[in-house]
Chemist: 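Dropping the structure in here first, questions after.
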Protein chains: 2
Amino acid sequence: MNYLSQKVLKLRDRLMTKHKTEKRIKKTVKLDKTSGISLWRQIADRLRADMIDLADETGRLPPEPELASLFKVNRLTLRSAVKALVEEGLLSRQQGKGTYIQQKRRLKYPISRRTRFSEGLNNQADQRSVTILDYQQEKALPIICEKLNLSEDAHVVRVETLSIADKMPIVRSTSWFCAKRFKNIGQLIKKHQSVTHAFRLCGVDDYVRQSTEVEARHANEADSRDLKLAPGGLILMTEVINTEINGTVIQYSRSRMAAERITLLIR
Amino acid sequence: MNYLSQKVLKLRDRLMTKHKTEKRIKKTVKLDKTSGISLWRQIADRLRADMIDLADETGRLPPEPELASLFKVNRLTLRSAVKALVEEGLLSRQQGKGTYIQQKRRLKYPISRRTRFSEGLNNQADQRSVTILDYQQEKALPIICEKLNLSEDAHVVRVETLSIADKMPIVRSTSWFCAKRFKNIGQLIKKHQSVTHAFRLCGVDDYVRQSTEVEARHANEADSRDLKLAPGGLILMTEVINTEINGTVIQYSRSRMAAERITLLIR
DNA sequence: CCGAATTTGTTCGTATGTATC
DNA sequence: AGATACATACGAACAAATTCG
């Protein structure tokens with residue numbers, strides 16, 4: 001028995017055991033063969049989630065034959081899964097040595113009543129930037145009017161942004177502002193690279209989040225492209241309403257965040 | 001040209017166009033054939049995300065041949081995708097009539113400094129319950145000690161719960177409490193079906209959330225089983241620290257929520 | 001430096017599932 | 001329903017790099 005067998009057996013035990021009160025019936029780690037998702041991808045997803053528990057102190061994973069038998073698949077199938085994770089940059093392999101976890105930390109993305117994107121990620125990433133992809137004045141859709149407390153025929157400014165940290169895209173946002181009051185906010189945000197700054201130039205000295213909604217979804221094609229997600233990637237979708245201190249709604253925005261690179265921190 | 005062609009063409013336009021400033025190079029809605037995910041499942045995932053945009057006011061989707069050509073696949077392939085969504089309960093089909101969206105509402109799950117599970121879901125679900133699957137006193141793992149501000153060799157009470165609304169599992173939680181101070185909290189929670197009530201009996205009249213962290217992940221096998229998720233399902237993972245009013249940490253818990261049935265509402 | 005053990009890398013052949021026409 | 005093309009999965013065997021006594 002080699003040096004990791006015990007550890008793997010222990011993990012398998014944990015994976016197979018629901019609660020101590022439950023009988024241990026299952027003999028295998030079940031994988032669904034008719035789900036339309038190939039075995040290697042199912043294993044890649046599971047490995048992505050659990051690799052930290054499988055690795056030893058040095059970040060080394062158990063050898064391929066051991067992992068293969070843990071998942072009850074052929075070694076080549078396991079290798080396909082590992083290959084996908086290597087291409088994602090999550091693992092590295094070296095012939096004769098082993099397979100290692102490439103540390104990839106999730107950014108902590110704080111959400112509080114007073115968070116601004118740039119402040120929140122301070123000291124967590126070396127390089128940060130917000131790219132304004134597009135801005136446009138247009139007739140507001142009914143749902144947007146409702147969120148911004150505007151009349152039916154109001155116009156709004158829509159601003160599309162992409163936030164980047166350490167060269168990886170993190171958040172893809174769409175924001176709406178009342179066009180009457182914030183006529184030039186598109187140019188201002190683009191010029192100063194800051195919503196807070198742009199607001200200040202429009203006479204809004206301070207603002208807070210009124211509400212935030214969070215959902216998890218599968219990335220659609222646009223998300224995958226904008227956020228450079230691996231196929232089958234996940235996004236955290238947030239819907240935010242910002243108000244002035246007196247309660248007037250001034251911004252409604254929807255963001256799609258690369259779930260694999262983000263932990264939301266709610267305070 | 002039938003009644004929906006225009007709408008579908010418009011959507012295809014939207015799907016294929018990134019921003020107005022970008023050239024329209026792409027001629028097809030790209031589907032990756034070597035991603036380890038079969039075409040029909042990729043289409044099922046995309047349909048799940050976008051079906052509201054595709055349907056008309058009555059919730060009816062375009063006819064199959066039209067959808068098939070939108071995704072550039074064979075009609076049989078499209079039918080496999082629709083079949084999967086019918087089995088998930090998201091769509092219904094009737095020969096000669098069409099394919100319809102089955103409305104499935106997400107529960108709003110509020111997170112604030114003073115939220116309790118049972119209160120939060122009030123008036124949103126007819127039946128709610130919290131099942132205590134297991135509780136156990138045990139030696140605390142280092143990570144748990146750290147979160148609870150306990151010494152290295154402390155013991156904790158671990159409580160496993162499953163929260164259900166309208167007969168569907170919503171949240172699977174694991175909570176840890178200091179065993180010294182909350183020796184009987186397992187029994188108390190089980191008896192009164194309420195953490196708040198159990199705390200009160202232990203002399204904690206009031207408590208607040210100190211921090212909440214949220215991540216999105218692929219469901220692993222245990223999640224899928226506990227939360228009755230469809231294959232490839234998503235979970236929202238939250239990590240919560242609760243403190244007394246004076247700041248003493250009294251509870252650390254990790255929850256895995258069925259992402260498809262939940263919108264987190266942060267106030 | 002040698003050789004054995006360990007571990008990843010590669011190549012056969014075969015069977016099955018997926019997608020198209 | 002049948003024919004075709006390709007990706008997926010398996011088993012077995014061998015090659016190449018690394019580690020260690």
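On a predicted model such as this, the values are computed, not experimentally measured, just so you know. Note on naming: letters A, B, ... go to the chains in the order of the sequence lines (proteins, then strands), and numbering restarts at 1 for each one.
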Chemist: Write down the distance between OH (A:Tyr100) and P (D:dA17), rounded to a whole number of angstrom.
Modeler: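 Rounded to whole Å, this separation is 17 Å.
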Chemist: Return no unless some side-chain N or O of A:Thr77 is found under 4.0 Å from OP1 or OP2 of D:dC10.
Modeler: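 Answer yes for this pair, as a side-chain N or O of A:Thr77 is under 4.0 Å from OP1 or OP2.
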Chemist: Let me know the distance between CG of A:Leu39 and P of D:dT8, rounded to the nearest Å.
Modeler: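 Rounded to the whole Å, the gap is 11 Å.
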Chemist: To the nearest Å, how far apart are B:Lys72 NZ and C:dA19 C1'?
Modeler: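 These atoms are roughly 17 Å apart.
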Chemist: Between P on C:dT18 and CD1 on A:Ile37, what's the gap in Å once rounded to a whole number?
Modeler: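 About 12 Å, once rounded to whole Å.
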Chemist: How many angstroms lie between atom SG of B:Cys145 and atom NZ of B:Lys139, to the nearest 0.5 angstrom?
Modeler: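 Going from the SG atom of B:Cys145 to the NZ atom of B:Lys139 covers 6.0 Å.
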Chemist: B:Thr263: which residues meet the side-chain hydrogen bond (donor to acceptor under 3.5 Å, both in side chains) condition with it, sequence neighbours left out?
Modeler: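 For B:Thr263 the side-chain hydrogen bond (donor to acceptor under 3.5 Å, both in side chains) partners, ignoring immediate neighbours, are A:Glu215.
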Chemist: Any side-chain N or O of B:Asn74 under 4.0 Å from OP1/OP2 of C:dA19?
Modeler: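 No.
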Chemist: Between B:Gln42 (CD) and D:dA7 (P), how many Å, whole number?
Modeler: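 Roughly 14 Å, once rounded to whole Å.
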Chemist: May I ask you to say whether A:Arg48 pairs ionically with A:Glu88, meaning some side-chain N is under 4.0 Å from a carboxylate O?
Modeler: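 A salt bridge is present here (some side-chain N lies under 4.0 Å from a carboxylate O).
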Chemist: Less than 4.0 angstrom from a charged side-chain N to a carboxylate O is my criterion; do A:Arg106 and A:Glu260 meet it?
Modeler: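 Looking at A:Arg106 and A:Glu260, the cut-off is not met.
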Chemist: Whole angstroms only, please: what is the NZ-P distance between A:Lys83 and D:dA7?
Modeler: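 For the pair A:Lys83 NZ and D:dA7 P, the rounded distance is 11 Å.
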Chemist: Atom CE of A:Met237 and atom CD of A:Glu213: how far apart are they, to the nearest 0.5 Å?
Modeler: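 Answer for the CE-CD pair, A:Met237 versus A:Glu213, is 8.5 Å.
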Chemist: Ignoring hydrogens and angles, write down the donor-acceptor pairs under 3.5 Å from the side chains of residues 92-101 of chain A, residues two or more places apart or on other chains.
Modeler:
unit_1	atom_1	unit_2	atom_2	d
A:Ser92	OG	A:Gln102	OE1	3.2

Chemist: For nucleotides 8-12 of chain C, which of its nitrogen or oxygen atoms have a protein nitrogen or oxygen under 3.5 Å away, and what is each distance?
Modeler:
unit_1	atom_1	unit_2	atom_2	d
C:dT8	OP1	A:Thr99	OG1	3.4
C:dT8	OP2	A:Glu64	N	2.7
C:dT8	O4'	A:Gly96	N	3.3
C:dG9	OP2	A:Arg79	NH1	2.7
C:dG9	OP2	A:Arg79	NH2	3.2
C:dG9	OP2	A:Arg93	NE	3.2
C:dG9	OP2	A:Arg93	NH1	3.3
C:dG9	O4'	A:Gln95	NE2	3.3
C:dG9	N7	A:Arg75	NH2	2.5
C:dG9	O6	A:Arg75	NH1	3.0

